[in-house]
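Take a look at the structure set out below.
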Amino acid sequence: MCQIVQKLEPITLAGAGVLASEDLSAALEIGSTLIAADGGAAHCIAAGHLPDVVIGDMDSLAENIRESISPERLIFVAEQDSTDFDKALRHILAPVVLAVGFTGARVDHELACYNALTRHADRRCVIIGESDVVCLLPPKLALHVPAGTRLSLFPMGAVEGRSEGLKWPIDGIAFAPDGMVGTSNEATGVVQLEVEAPGMLLILPKAHLGLLVSQLLATPAGWPAP
């Protein structure tokens, strides 16, 4: 069985997409352990950070980068049926994974990341993009965001829920990716969200990364492993 990276604190996961150095630094302030998903190791090294572990099939890891990393830091996952993000997420156990460098390049890869969040609902992960942060909603979540904060909900499957503190409540709405979605909602104060199934993405402005992570850490009940 492939090695699992386990930590009791948040972990930063770096990918090979567009990765701003300030986003990597912000993630590392919360999760100091740095994992690279395959070619994401090059971004880490370019930013002056040697990854603690690299996970992947190593097909996008340049030979000179690979040679600069000691073999015991490399976790090889041979299968070709999933993305680097999926491989890494499956092999990390942490309260929250902060994923940087997985957006802004190939759209198909970015969509696959949101698919992986849904399929591995027991792995709490926040994807940090250019302007927003995205996570899969747990069964219940409280968000102490300021009134007026933009808050979007995007379903990855059929899902219903309840809310308090939203300008447009979601109670009684049947959400679906080919039906009703919840973009550009707005907080009116403290937001309480509850969903019945692991299928709803929460999207917030990136300025609320720290608040979102703290609220996820304060929410013990999550989705069970599939």
Side-chain angles (χ1 to χ4, degrees), residues 1-17 19 23-45 47-61 65-66 68-102 112-128 133-141 198 201-202 209-226:
M1 180 178 292
C2 186
Q3 179 182 348
I4 301 292
V5 180
Q6 292 184 269
K7 290 288 181 178
L8 297 177
E9 305 83 26
I11 281 178
T12 296
L13 174 64
L19 198 163
D23 289 341
L24 180 58
S25 297
L28 287 170
E29 287 182 7
I30 301 171
S32 59
T33 297
L34 177 59
I35 310 297
D38 209 326
H43 282 328
C44 297
I45 292 173
H49 301 280
L50 181 67
D52 297 282
V53 175
V54 181
I55 301 174
D57 55 23
M58 310 305 166
D59 65 344
S60 58
L61 189 63
I65 299 295
R66 185 170 180 172
S68 70
I69 302 170
S70 56
E72 63 270 16
R73 292 175 181 252
L74 302 176
I75 297 179
F76 184 70
V77 184
E79 55 90 0
Q80 293 289 319
D81 296 327
S82 63
T83 63
D84 294 334
F85 176 76
D86 192 299
K87 290 181 179 70
L89 195 61
R90 294 195 326 256
H91 292 90
I92 295 173
L93 285 177
V96 176
V97 174
L98 300 164
V100 292
F102 293 96
C113 290
Y114 304 137
N115 173 271
L117 290 185
T118 306
R119 290 189 295 107
H120 306 294
D122 59 312
R123 303 292 214 259
R124 287 192 177 176
C125 177
V126 177
I127 295 178
I128 302 170
V133 291
V134 184
C135 73
L136 186 75
L137 266 182
K140 294 182 180 181
L141 184 66
L201 297 180
L202 167 68
L209 170 64
L211 181 147
L212 175 59
V213 172
S214 66
Q215 297 291 165
L216 288 171
L217 292 172
T219 306
W223 300 111

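Note that this is a predicted model, so its numbers are computed, not measured.
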**Message:** Looking at every non-hydrogen atom in both residues, tell me the closest pair between R90 and S82 and how far apart they are.
**Reply:** NH1-OG, 3.1 Å

**Item:** Heavy-atom side-chain contact between R66 and L74 under 4.5 Å
**Value:** yes

**Request:** Provide the closest heavy-atom pair for F102 versus L13 in the form atom of the first, atom of the second, distance.
**Result:** CE1-O, 3.5 Å

**Request:** Search all heavy atoms of C44 against all heavy atoms of L34 and return the closest pair with its distance.
**Result:** SG-CD2, 3.7 Å

**Prompt:** Which atom pair, heavy atoms only, marks the closest approach of L117 to C125?
**Reply:** CD2-CB, 3.6 Å

**Message:** Between T33 (side chain only) and I11 (backbone N and O only), is there a donor and an acceptor less than 3.5 Å apart?
**Reply:** no

**Message:** Please find the pair of heavy atoms, one from L141 and one from Q215, that lie closest to each other, and give the distance.
**Reply:** CD1-O, 3.9 Å

**Item:** Partner residues of A42 under the side-chain contact (heavy atoms from CB on, under 4.5 Å) criterion, sequence neighbours left out
**Value:** I65

**Request:** Evaluate the side-chain proximity of V133 to V213: yes if any heavy-atom separation is below 4.5 Å, no if none is.
**Result:** no

**Message:** So P51 and I45, do their side chains get closer than 4.5 Å, heavy atoms only?
**Reply:** yes

**Request:** Please tell me if the side chains of L89 and C113 come closer than 4.5 Å, counting only heavy atoms from C-beta onward.
**Result:** no

**Item:** Exercise: identify the closest heavy-atom pair between G39 and A16
**Value:** C-CB, 3.8 Å

**Prompt:** Got L216 and P138 here, is their nearest side-chain heavy-atom distance under 4.5 Å?
**Reply:** yes

**Prompt:** With a 4.5 Å limit on heavy-atom distance, are the side chains of N115 and T83 in contact?
**Reply:** no

**Item:** Check: H91 and V53 side chains under 4.5 Å, non-hydrogen atoms
**Value:** no

**Prompt:** Hey, does the side chain of D122 reach the backbone of W223 with a donor-acceptor pair shorter than 3.5 angstrom?
**Reply:** no

**Message:** Test of understanding: with side-chain contact (heavy atoms from CB on, under 4.5 Å), list the residues that count as partners of L93, not counting sequence neighbours.
**Reply:** I4, Q6, R123

**Message:** A side-chain contact here means heavy atoms from C-beta on lying under 4.5 Å apart; do D84 and D57 qualify?
**Reply:** yes

**Asked** Between H49 and S25, is there a donor-acceptor pair closer than 3.5 Å when you use the side chain of the first and the backbone of the second?
**Response** no

